[in-house]
Structure formats: structure tokens, C-alpha cells
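All residue numbers refer to positions in the sequence shown, counting from 1.
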Amino acid sequence: MKVLQINIFGNLSTGRIAVDLYNVLKDNGHDGRVAFARNTIAEGVPYYRIGSIVNVYLDGVLTRLTDRAGFFSRFATAKLIEYIKTYDPDVIHLHNLHGYYINIKLLFDYLKQSGKPVVWTLHDCWAFTGHCCHFSAIGCNKWKTKCLSCPQLSSYPASYFDRSEKNYQEKKSLFTGLSNMHIVAVSKWLENVTHQSFLNAYPIDTIYNGIDLTVFRPIDSDIKQRFNLVNRKVILGVASTWSNNKGLEDFIELNKMITKEYAIVLIGLNDKQIKDMPDDIVCLPRTNGVEELVAWYSAADIYFNASIEETFGLPTVEAMACGTPVIVYDSTALPEVVSEESGIVVSTGDVKQVWNEIKLLASEPIEKDLIRRSALKYDKNIQYRKYLELYERIIKKDDYNGSMYSNKTILAND
């Protein structure tokens, strides 16, 4: 079996997921390739580079000027399609199609014409909105019927103009009507909202993101010593991109409450954020590698995910695998991944409750082995083997029932 994955990143964020899935394919005797546009990719992974960094920047500028994310990069996409024809995969597996690198019209016109089995893993909600990747924070439900007058133009993929109605209609037309596509959501929460979107004509299942439990595990390190934190309890926060929706302001508020035996460490901040943060918060950019991230997870006394918009919450599970108790908000998908054995769910935005629970966990710690056991079901070998089963089913077209599916497709395109 040959599987081509298409994603914005090669070895960052969702790119790590694509690489892990490739390795599971390889370990089970299958062939795979990863087509990506940004970042690098792990050594030994066969890949195809989509376009160039110049193409990405140009696409980004045009998107900012027009609010037409996904409708540029024609030349890069045409070259990708030629590569797909040459490689001739049995399954085309889509990940994030936003990120200024691909033309969704060219791609989906080809997918419909080719008839190849398609799996599309949704890591956010961009596929069925007219602009945004997340809408929970502002309680917007326009995506259920028709996006227009978007209230989040300044959010990624940011634009000066509003084309959300046009984008919504074109996405609906392009993304519906494929003869053999299966949607995968990375959480039950995301599966539920996808069922309420125009993608509801397709089979939709949840396959949780997987992690490498041989990498994410409790380890000993000198990282506390290096940052002069030996005698303090570390409250850790990690994000690939920080914003208020990721809880940055809540960490600043929490910092006002904690006592001197605690310290907040935030990883993934940009230069401006680091400059603007309070001096007593340990502020770090992205780590120099997974090993450093694992060291921080293992050294932390509490991992706090303050995000209010998560379709899964991968760092939360990574922290659990390292034996660190977690605190999350009762928002979107985060409550799904936390149990009584691994941490605590608190009311969204209640920073005072967070501080109280931190003190409780410090006085009544949960066993590291118990926390780690709660993360075992997210083993990449368990989760990503589910994709292998899915690939085999859709190659055989076992997910569909002929005319019944065709009727659903007509309704989706009405």
C-alpha cells in the first residue's frame, strides 16, 4: 500500500504527526511519502517539497490583501499534482491545507477527477468555515449555515477584507461531492462539530493524535538547575503559537497569585511576547528539540493548558506521558484527554480556581506512574494503526453504500 500525506509542515506541529504516521506505515510494510511546504522533515522520511518559501510568503501577502486563503499557489499545486500522478499512491491523506502553500481548487478538482481514495484529518475547523480555524471563543455559529461578515478577520489567516461568504460557498462546492473520502477528527468534540457542517455527507470518525511513548516519558535532567529553579515548583505552559485564546493573559493573571515557591515557565513565545512578559515568568522560545521539551515536561510539577480553543491538546497528553499532572479548562476537546488519574478540569477562565487546584495537587500529588498510564492509549502505534485499517477499508470502498452516499452528496451541494 502506498500513501501520500499532504501537510503544511514537515517536522513541526502537525508535521510531527505526519512523520509518526509515515513511520507506522513503514514499520508495517507499507510505502509512504510526505508532501510539505514549510519547515524541514526528519531524516530518512521520503518527501516532496511543495513550492518554495518565496511562494509561501507571496501566498501569505495575497491572502492578507484578499482574504482568499487557499486560492493561490497555483504553480506549486500544479507541480504537486504532477508528482502525485508519478507516485500514484493508493491513498491520498490530507492534513492542514491552510498555511499559504496550496490551491484548494486545483487540488480538489484533481481529487474528484482521479477518484483516488482520500482521507482528510481535520486538526482544526478551517475546512468548513469561510475564514477562521476556530470559532468557540467568540461563540460564532455562522459556519453551520453560511459564513458572512466575519468577526475574526484579524485572526489567522488574517486579512484586511472580508471574503468569508465567497470562501464558504466555494469551499462547500469544492469539498463536497468526492466519491471516496473519509473525514477523521482528532477528538470527539471536533467530530461532533464536523457532523454539523457541510462535510456531514462523509463518514466521520475520531482517531486521536498519537505520541511516541519511548520519547515522551519521565526523565531526569538538570534543567531546573540550569534555570535556577531547584527549590521552586514549576507551572509549565507550552504552545507552538501563543495568543490570548491560548491563555497567555491567564498565565499573567496566575503569576500575580502564586507564592514565591512557585515559578511559571512558558515555552513557544515570540521575541515581542518575551519582551512584554513580566520579569518573574521564565519565558522561552521554541525548544531546541524534543529532548529539551521532554526535560521540561518531566521537571514540571504542574502542566497548565489555559487554551479555550483546542481540537485535541497534544502538549497536554505529552506532559501526561512524562508523568506530570495537568490542569485544563472545561472547553472544546481538552476535557476528553484528562481523567481523575491524570489531572483536573476547571471552569473556563477561572484562574483563581486554577491556583487553588495547583496548591491541592502540590499537597496531594498524583503518582507519576498513574498519570503516565492514563496516556498509554495515545501511543502512536495504537492510534495510527487505526489509519492503516481505514486506508484498507476505503481502498475497498467498504465505507460507502453506492446510491445512498450519492444522495447525501446531492444534499451537501444544495
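Checked against the 6.0 Å centroid threshold, Tyr101 and Phe9 do not count as a close aromatic pair. Residues Phe251 and Trp242 bring their aromatic ring centres within 6.0 Å. Ring pair His30/Tyr391: centre-to-centre distance not below 6.0 Å. Ring to ring, Trp355 and Phe304 are not that close: their centroids are 6.0 angstrom or more apart.
Note: Glu309 CD to Phe135 CZ = 8.5 Å, rounded to the nearest 0.5 Å. The line from CG of Asn103 to NZ of Lys105 is 8.0 Å long, rounded to the nearest 0.5 Å. Separation of atoms CD1 (Ile6) and CD1 (Ile92) is listed at 6.0 Å; rounding is to 0.5 Å.
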* Asked: Gln152 and His131: side chain to side chain donor-acceptor pair (under 3.5 Å), yes or no, with the steps?
  -> CA-CA 8 Å; Gln152 296 200 99; His131 175 86; over 6 Å; no

* Chi angles and distances behind the side chain to side chain donor-acceptor pair (under 3.5 Å) call for Thr63, Asp59 -> CA-CA 6 Å; Thr63 296; Asp59 193 319; 3.2 Å; yes

* To do: Please lay out, stage by stage, how Tyr303 and Trp296 fare under the test ring pair (Phe, Tyr, Trp, His ring centres under 6.0 Å).
  => CA-CA 10 Å; Tyr303 178 80; Trp296 275 115; over 10 Å; no

* Start with the C-alpha gap between Arg68 and Leu62, add the side-chain angles, then the distance that decides, and say whether side-chain contact (heavy atoms from CB on, under 4.5 Å) holds. => CA-CA 8 Å; Arg68 296 285 284 159; Leu62 292 171; over 6 Å; no

* Go through Glu170 and Lys166 one step at a time and tell me if the salt bridge (charged side-chain N to carboxylate O under 4.0 Å, His left out) criterion holds. => CA-CA 6 Å; Glu170 291 196 32; Lys166 182 178 178 64; 3.0 Å; yes

* To do: Walk me through it: do Glu292 and Arg286 pass the test salt bridge (charged side-chain N to carboxylate O under 4.0 Å, His left out)?
  => CA-CA 10 Å; Glu292 185 180 347; Arg286 287 174 178 156; over 6 Å; no

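Counting only N and O atoms by type, the side chains of Asn305 and Thr316 include a donor and acceptor under 3.5 Å apart. For Ser243 and Asn245, the side-chain atoms include no donor-acceptor pair closer than 3.5 Å. Between His182 and Asp205, the side chains place a donor N or O and an acceptor N or O closer than 3.5 Å (distance only, hydrogens not considered). In this model, a donor atom of one side chain and an acceptor atom of the other lie less than 3.5 Å apart for Asn55 and Ser73. In summary, the side chains of Thr40 and Asn11 do not present any donor paired with an acceptor at a separation below 3.5 Å, with no hydrogens or angles considered. Remark: the Glu310 side chain and the Thr332 side chain contain no N/O donor-acceptor pair separated by less than 3.5 Å. Side-chain N/O atoms of Tyr329 and Asp350 include no donor and acceptor closer than 3.5 Å.
Judged purely by atom type and a 3.5 angstrom limit, Tyr156 uses its side chain to pair as donor or acceptor with the backbone of Gly99.
Of all the heavy atoms in Pro218 and Ala321, the pair that sits closest is CD-O, 3.5 Å. In terms of heavy atoms, Cys125 sits closest to Leu190 at SG-CD1, 3.9 Å. The two residues Lys112 and Ser173 come nearest to each other via the heavy atoms NZ-O, 2.9 Å. Taking all atoms of both residues into account, the shortest heavy-atom contact from Thr176 to Lys172 is OG1-O, 2.5 Å. Of all heavy-atom pairs between Thr311 and Val186, the closest is O-CG2, 3.5 Å. Here the closest non-hydrogen pair linking Gly130 and Asn167 is O-ND2, 3.0 Å.
For the pair Arg385 and Asp379, the salt-bridge criterion is not met [side-chain N within less than 4.0 Å of a carboxylate O]. In summary, Asp276 and Lys272 engage in a salt bridge, as defined by a charged side-chain N under 4.0 Å from a carboxylate O. The pair Glu367-Arg373 does not count as a salt bridge, with every side-chain nitrogen at least 4.0 angstrom from each carboxylate oxygen. For Lys79 and Glu82, the salt-bridge test fails: no basic side-chain N is under 4.0 Å from an acidic carboxylate O. We find that Glu253 and Lys256 are joined by a salt bridge, their nearest charged nitrogen and carboxylate oxygen being less than 4.0 Å apart.
For Arg33 and Tyr47, the positive end is not near the middle of the six-membered ring at less than 6.0 Å and at most 45° from its axis. The cationic atom of Lys171 (NZ for Lys, CZ for Arg) lies less than 6.0 Å from the six-membered ring centre of Trp126 and within 45° of the ring axis. The cationic atom of Lys2 (NZ for Lys, CZ for Arg) lies less than 6.0 Å from the six-membered ring centre of Tyr87 and within 45° of the ring axis.
Taking 4.5 Å as the limit, some side-chain heavy atom of Val119 sits within range of a side-chain heavy atom of Leu390. No side-chain heavy atom of Val118 sits less than 4.5 Å from a side-chain heavy atom of Asn180. Taking 4.5 Å as the limit, every side-chain heavy atom of Gln383 sits out of range of all side-chain heavy atoms of Asn209. Residues Val193 and Trp143 have side chains in contact (heavy-atom distance under 4.5 Å, counting atoms from C-beta outward).
Using cut-offs of 30° and 60° on the angle between ring planes, the pair Tyr208 and Tyr378 is perpendicular. Between Tyr387 and His93, the ring-plane angle classifies as tilted under the 30° and 60° cut-offs. Below 30°, between 30° and 60°, or above 60°: for Phe175 and Phe198 the angle between ring planes is between 30° and 60°, a tilted geometry.
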